[in-house]
Amino acid sequence: MRRATSARTTATTGITAGAVVIASGGCAFLSRALGTNVDTGDGALMAAEVGATFSGMEFSNAYAIVPANSTITKTAYYGYATFFHADGRVLEGAGSTKGRSVIAKTLLSEPVFAQLDRADDDVQRQMRLGQPNFFLQFDRRGINPFTDRFEVSMLAEGTVRGTGGIDVVDDTCATSVPGLFAAGDAATRERICGGFTGGGSHNSAWAMSSGTWAGTGAARFARTERRVRAGELRPAGRAGLRPAQRSGLEASAVVAAAQAELIPYEKNLLRDGVRVQGALDELESLWTALSLGLGGDSGDERVRARQAAAITAVGRWMYHSTLARTETRGMSKRADYPDLDPAQHHHVLTGGLDDVWTATAATHSGLLRVAS
Ligand SMILES: Cc1cc2nc3c(=O)[nH]c(=O)nc-3n(C[C@H](O)[C@H](O)[C@H](O)COP(=O)(O)OP(=O)(O)OC[C@H]3O[C@@H](n4cnc5c(N)ncnc54)[C@H](O)[C@@H]3O)c2cc1C
C-alpha cells in the first residue's frame with residue numbers, strides 16, 4: 001500500500017511499510033446498524049487488489065432486531081420478548097436467537113411488534129443497569145418496553161456480526177499474500193466460531209487476540225524479509241480510485257444499487273438460489289460499471305467512491321460463496337437446500353476482482369494452521 005487519501009484534509013499521502021495489517025472491520029453495507037457505518041469493506045477491497053483470499057463469505061448475513069426507525073441493534077434483551085401481529089396475536093415461532101427468520105418473513109407483508117414481557121421486576125432493574133443505552137431510545141419516545149408493544153424492524157449487519165473475511169493461513173494471522181496480515185472482523189472468524197457469531201465476547205476477544213498476533217507477525221516480517229524499495233512499488237488500488245474513464249456515476253447511486261441487492265430480507269437473509277443469482281447478476285453489472293467509471297476528485301468523493309466499490313465487491317464474494325455452499329449451515333440458510341450436508345464440512349474460499357472465483361478447503365481441527 002503506497003498512497004492513502006485523508007477525508008479530513010483531502011491530502012494524498014504516500015506510506016511505505018515493510019508489512020501491513022488490515023484491521024478495518026467487516027462490512028455492513030452502510031445499513032445504519034449501530035456502530036457499523038464505518039465498516040464498508042475498504043480493507044477487504046485493498047486486500048483483494050493484491051490477491052488475498054477470503055473465507056466464509058457466505059456467513060455474512062447477520063440481521064439484528066431494532067425498534068422501528070431506530071439504529072440500536074442491541075439484541076440480547078429480545079430474549080425476554082414476545083412478538084406480535086398488529087392485531088395482538090402472538091407471532092408463533094418468532095424469537096431473538098431462533099426465530100428471526102419468522103420475523104423477517106412476516107415483515108415482508110405486515111408490521112411486527114414486540115414487548116419485553118418476560119422480564120420480572122428484578123430482571124428489569126438488572127437490564128437497565130446492564131445496557132442503559134438500550135433504554136434511551138424507548139425513554140425518549142415515551143415507550144415502556146416491558147408493558148408497551150412497540151413496532152420492530154431488522155437491520156443488516158453483514159460480516160460485522162457474520163464470520164467471513166480475509167483468510168488467515170497461520171497463527172500469525174498472515175494472509176495468502178506475503179507481508180499482508182489481517183485482524184479482527186476484517187479476518188475470517190470461522191476458526192473461533194464456525195458459521196455463526198451473533199453478539200458476544202468472542203468477537204472482541206478475537207479482535208484483540210488476532211490484532212496482537214497479526215501485529216507481532218507483521219513486525220517480524222518487516223524486520224526479517226527483504227524490503228521492497230519504494231521505487232519498485234506500484235499502486236494496486238483501482239475500483240473507485242483509478243477508473244479507466246469517468247462516466248458521471250455517483251458513489252451514492254452505486255451504494256443505493258448495491259444496498260438494493262444486499263439488504264432486503266428476501267434476498268440475503270431468506271436465501272434461495274434463484275434470488276441470490278438474480279441479486280449477484282445485478283452486482284456483477286454494477287461492478288463492471290463502477291470499475292470502468294466510478295471515481296472522485298476531492299478526498300471525500302474518493303473515500304465515498306472506494307466505500308461504494310468495496311461494498312459491491314464484498315457483496316459479490318458473499319453471493320458467489322453462498323451459491324457455492326449448496327446446503328444450510330450456520331447463518332447461511334437456503335430455502336432451496338434446507339438441510340445441512342455433512343459432505344460440505346469445508347471452508348468456501350473466494351477472491352478476485354473482475355472475475356470472482358470460489359474453491360473449497362478442508363477444515364482444520366486446531367485454531368489456525370501453524371506456519372512451517
Ligand atoms: C451492535 C453490536 C454489538 C456488539 N456487541 C458485542 C459484544 O457485546 N461483545 C463483543 O465481543 N463483540 C460485540 N460486537 C462485535 C464487535 O463490535 C466487533 O467484533 C469488534 O468491534 C471488531 O473490532 P475490529 O477492530 O476488527 O473492527 P471495528 O471495531 O469495526 O473497527 C474497524 C475500524 O476501522 C476503521 N476503518 C474502516 N475502513 C477504514 C479505512 N478505509 N481507513 C481508515 N480506517 C478505516 C473504522 O472506522 C473502524 O474504526 C458487537 C457488534 C455490533 C455491531
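Every number for a ligand or one of its atoms is a count from 1 in the order of the listing. Bear in mind the structure is a predicted one, so any value in this text is a computation, not a measurement.
Protein heavy atoms all stay at least 4.0 Å away from atom 17 (O) of ligand 1. Distances from atom 25 (O) of ligand 1 to the protein include no heavy-atom value under 4.0 Å. Note that atom 49 (O) of ligand 1 has no protein non-hydrogen atoms nearby, at separations under 4.0 angstrom. Counting only heavy atoms, the protein gets under 4.0 Å from atom 34 (O) of ligand 1. Inside a 4.0 Å radius of atom 1 (C) of ligand 1 there is at least one protein heavy atom.
Heavy-atom neighbours of His346 NE2 from other residues, nucleotides or ligands within 6.0 Å: above the threshold of 12. Around atom OH of Tyr80, no more than 12 heavy atoms belonging to other residues, nucleotides or ligands sit under 6.0 Å away. Within 6.0 Å of the CD atom in Glu301, the count of heavy atoms belonging to other residues, nucleotides or ligands exceeds 12. Within 6.0 Å of the CZ atom in Arg32, the count of heavy atoms belonging to other residues, nucleotides or ligands does not exceed 12.
Close N/O approach between Glu157 and ligand 1 is not found [any backbone or side-chain N/O within under 3.5 Å]. In terms of polar-atom proximity, Thr73 is not counted as a contact of ligand 1, lacking any N or O under 3.5 Å from an N or O of the ligand. Between Thr36 and ligand 1, a contact under 3.5 Å exists for no N or O pair. Taking distance alone, with nitrogen or oxygen atoms compared against 3.5 Å, His202 stays at or beyond that limit from ligand 1.
Residue contacts with ligand 1 for Lys74 are absent, since no atom lies close enough (heavy atoms, distance under 4.0 Å).
Ranking the protein heavy atoms by distance from atom 8 (O) of ligand 1 puts Gly200 N, 4.1 Å first. Looking only at protein heavy atoms, the nearest one to atom 5 (N) of ligand 1 is Arg161 NH1, 4.3 Å.
Near Leu34, meaning under 4.0 Å from any of its heavy atoms, are these atoms of ligand 1: 53 (C). The atoms of ligand 1 that sit less than 4.0 Å from any heavy atom of Gly25 are 27 (O), 30 (O), 32 (C).
Proximity of the aromatic rings of Tyr77 and Phe146 is defined here by a centroid distance below 6.0 angstrom, and this criterion is not met.
Between the side chains of Ser24 and Asp42, not a single donor N or O lies within less than 3.5 Å of an accepting N or O.
Because its NZ or CZ atom is both nearer than 6.0 Å to the ring centre of Phe84 and within 45° of the ring axis, Arg149 counts as a cation-pi partner of that residue.
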